[in-house]
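So that the names make sense, note that chain A is the first sequence line, chain B the second, and so on, each numbered from 1.
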Amino acid sequence: MKKILVLAALVISAMLLLTACGQDAPPAAENGTANDAGTPAANGAAGETHLLVVQPMAAANLDPSLTNDVPSARVFHLIYQTLVYQDADLNIIPGLATEWEFLDAQTVVFTLREGVRFHNGNILTADDVAFSLNRAGQSPHIAAITSFIYEVEVLNDNQVKLISEYPFAPMLSHLAHQAASIVNREEVERVGDEAHGQNPVGTGPFRFHNLVAGDRLELVRFEDFNSVVPGLPEGQLPAVEQITFRIVPEAGVRTIELETGSAHLLFDAAATEVARIREHNDLVMLEVPNLALNTWLGFNNQRAPFDDIRVRQAIAYAIDIESIVDVAWAGLGQVATGPIPTTIRGALEFPIIPQNIERARELMAEAGLADGFSTNVWVNEGNAMRADAATMIQAQLRALNIETQINIYEWGILLPATAAGEHDMSLMGWTSVTGDPDYGLFPVYHSSNWGDAGNRNFYSNPRVDELLDLGRTSSDDAVRMEAYREAQILIMEDLPLIPLWQSVELHASRNNIEGFTVTPSGVFPLWNVVIH
Amino acid sequence: MILRNIDNTPSEQVKEKKKRSQLHDMWRRFRRNPVGMVGLFIVLVLIFSAIFADVIAPAVYDPILGEVPAYEFQDLGNRNTFPSREHPFGTDNFGRCIFNRVVHGSRISLLVGFVVVGISMVVGVILGTVAGYYGKASDSIIMRFIDIMMAIPNILLAISIVAALGAGLVNLMIAVGIGSIPLFARQVRSSVLSVREQEFIEAARAIGAKDLRIMFLHILPNCMAPIIVRATMGMAVAILSAAALSFIGLGVEPPTPEWGAMLSEGRRFIRDHWPSTVFPGLAIALVVFGLNMLGDGLRDVLDPRLKQ
Amino acid sequence: MYKYILKRLLMMIPIILGVSFVIFFMTYITPGDPAIMTLGEGAPPEAIEALREEMGLNDPFLVRYVTYVVNMVQGDLGNSFMTRRGVVDEIMDRFPTTLMLAFYGTVLSVLIGIPLGIISATKQYSIFDNAATAAGLLGVSIPNFWLGLMLIILFSINLGWLPPSGIATPSAWILPVITLGTGSAAMVMRITRSSMLEVIRQDYIRTARAKGQKESVIIWKHALRNALIPVVTAVGLDFGFLLGGAVLTESIYAVPGLGRFMVDSIRTRDFPIIQGGVLFLAIVFSLVNLLVDILYAYIDPRIKSQYK
């Protein structure tokens, strides 16, 4: 008996030793800030300068050329800067570049702000800018944003010349995207891309402090910040001194954290949580229309019977779009009214297709399909709202004798399969991250982009192609807008997809937080936040 | 008193009578086991519900949509309601009657249980018998293979298989079935090992009976007791595993009323609408509980060693 | 004794190799393009193709496998497709959390299960026994993901006593440990009970009673010692299972452990993580089994005497 106890004690102490050694020590910890980081006390007693955030997903990587996901972009917005920014109306305003001049449709010269400091003490030079953008232009991860870059040359210490591969009108909008963040050449070359992603160095008002994989990310205020970001008066530092981002995948649990005061901010509230947050006395919802035509019911336009416009129209009449948005998306955001969201410049609003079963049946009969058919709709995994929409669509299509199978797949299967055209219908969407109509229209509706590049509906209309090409290359704004206007009208006539839902940024904060805003592209200028 | 034929062999009549009274005996013993009886009752309710689902929760006729199965019928005016006379378990986010969905879900659970146990039992029994009977090389190879499978955490193995094969009920059953093979194989193998050395096997071999015949006609029937118990427990595990995978989102596609999937869908409304999560979960717990109790009862009855 | 240990360690090698082959094969046949997963929607085809080359996805199976094994024995498990960090680093960042969770869960199961099992056995057929048996069966039947949700509803939402997620404070560990440990506690209780029952019936216990020894001494000194032997084995094995199977608990409570990480990696087709993680878990599981076997050999006097 004694022997068992002795053995057990040995085993247990071995376990305890192991786990004690396995605890994370914050790497490269600087002074005492390491201690109060990561232990959010209840009721906001963590101090008025330590901001606590809960969000559903972790940033994949902290080097801007290695990833293109939204959680990472939100961090980039805080620790890095871009040459230009977009204001609330998506106009271009100065960032690290104070002036710019177009030499021709493909060439721009940027004049940089002087004396900007990096987190590691280095001073920003044209060399860093050229290095960052050339690197970005080569990266496969952010090619959608930066592949237009042909070369960036250093002209002198604070001027660069950017040459694009082709005349590209939305160039500046792309350069405002976090993928075009400026990094410190010396640092990246010293440690390499991947290591830099673990310990990033930028010029932003916050700098990297600590990362506990899968659990939280900590940033601290950059005390030597001397650049300019939108909303922060020059020479001023953010009120917040420390930010902790905690990963909480369960939507309901995130709300609880906010309610109990264990968090000040909540990113990405689920649609089902919004009503509760709105009613809660201590919480405030932040709802801002964003740049996403979040969900459409797309058809594989090259496959029968969806190559027949009458069938597409019939389906549009059969479903009740408003009730779908009401149930699946809890009535948030708005019913989509066109091929690109209304937040984009030049977006047209079309009347919502009403539910009209009789008309739908007429059209199906005309197409010779009064007996209906079997089909499928593909949805990505992990999006409960789209799954709900699919369930409703499936039920509603019964009215036309259409039997729909719902296929839910992870992105890893969905993307290649829809790129290969294996689907009949799909519930997908597109975010025009740059705010420019080119980004919202060209990849999705141009026939050269069939497949992975964005046109998974295999739509082709030569006149639309012409118009989109014109919009992309023309440097005359009026010409561009007119081209896009006509293109949208043609697209809605063809109905290659049925726009369903235009989404809205859904975030929440406690009511003692001031200055919490989100841009239409979904990033947060947390340097404006004050905790009361 | 045993009747015998002229040549002294036991008469057929008697053999049959012995067999019948053996079963009768076991049933009588089982009847006295409260745990087993409750378990049996629950399992019978499950089977009844599965067979008569269409009667208990019949399809609904909608003027526009035609005939809609009970578990699909959406009543958008009556979403997320609480238990009432009309809907004993309330309605879910689409206004579908949760009771109807739970009843139809029993069909899926039963199917999952049978198919998974079928797969793992057949393969496991074959592997275990071959390993136990032939020994040496085949035993080594087969047991190495079993060890490899057991070294991989069960749920990760199942998730990987589903990822490889794709989502859907059939693949779910295959994934869970494959994961359950090792336990069956091991059990059968150890039973076979203990039976193998007995005299009547040697006798059979002496007469010249072929291996296959010995394995399946003589050895296996004597191992049936632990196999049956394991099969019952296996059904419980299968239903739990399938629900777990559906809960993560890797199981069936909507609107299939699988209980784990229902739990997963109801999770979002956990704070405002408890019926969405409580009832499917209760169903899973109850059925698994019943199967486990039945297994316990069977073990007590079939395994004479534990008799007091 | 040491020869036995050495032999077992050597036998682990083919098993681990087997695991690596199985999991490698499975990731190979898994559809879904990790390059697309990493680059996301809207990536140009040339970029995707370039990344596929970089990831080595276009090489033939054997080439990839052999390269992988060669690297593996040198301790290099590759880099995550998603974060580009070393697989070993990613795993070691998260494993201690899972280890602690499994450890506390096992401690809980022992603290609850063994006493209950003993009392249940010594007071067989009493109300306590029946209740405990039922509770035990219930414990292994309740789906632990459902239990987790119910606990959150009760203790975090309604009562507000405990935090619903993460492991930031000691109190945050309570709910996950309870969720994880309940099933194990029930299992430990059942095994303790049946083991005690078996031991109590042994002749030497009857002899001790006949000799007039006090009941409590009999129980504690003689019976328990021997009854606990199979319990220790079961607890050890269960700990091994918990290490790999805490997936659901970690998901519900947002615990940044290895289980949840593995599920996410399977979802994002992060092949190096999947392969490295499963391999790691298999090695740990095999080591735990080995430790349990050594422990068992050490404390079971019957086996120990074989080595004297």
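- Within the 4.5 angstrom heavy-atom criterion, only side-chain atoms of M150(C), from C-beta onward, approach chain B.
- Here the side chains of S160(B) and T30(C) are not in contact, with every heavy-atom distance at 4.5 Å or above.
- Between the side chain of W146(C) and the backbone N or O of T277(B), at least one donor-acceptor pair lies under 3.5 Å.
- At a 4.5 Å heavy-atom cutoff, L291(B) makes no contact with chain C through either its backbone or its side chain.
- Heavy-atom distances place no part of L197(C) under 4.5 Å from chain B, backbone and side chain included.
- With a threshold of 4.5 angstrom between heavy atoms, N292(B) approaches chain C through its backbone and through its side chain.
- Residue F289(B) touches chain C through both its backbone and its side chain, counting heavy-atom pairs closer than 4.5 Å.
- Contact annotation for L248(C): only side-chain heavy atoms (C-beta onward) come within less than 4.5 Å of a heavy atom of chain B.
- Residue contact with chain B, scored on non-hydrogen atoms closer than 4.5 Å, involves the backbone and the side chain of V19(C) alike.
- Neither the backbone nor the side chain of V284(C) comes within contact range of chain B, judged by heavy atoms closer than 4.5 Å.
- Heavy-atom pairs under 4.5 Å with chain C peak, among G260(B), A244(B), G290(B), P280(B), at A244(B).
- Residue V35(B) touches chain C through its side chain alone, counting heavy-atom pairs closer than 4.5 Å.
- Residue contact with chain C, scored on non-hydrogen atoms closer than 4.5 Å, involves the backbone and the side chain of I161(B) alike.
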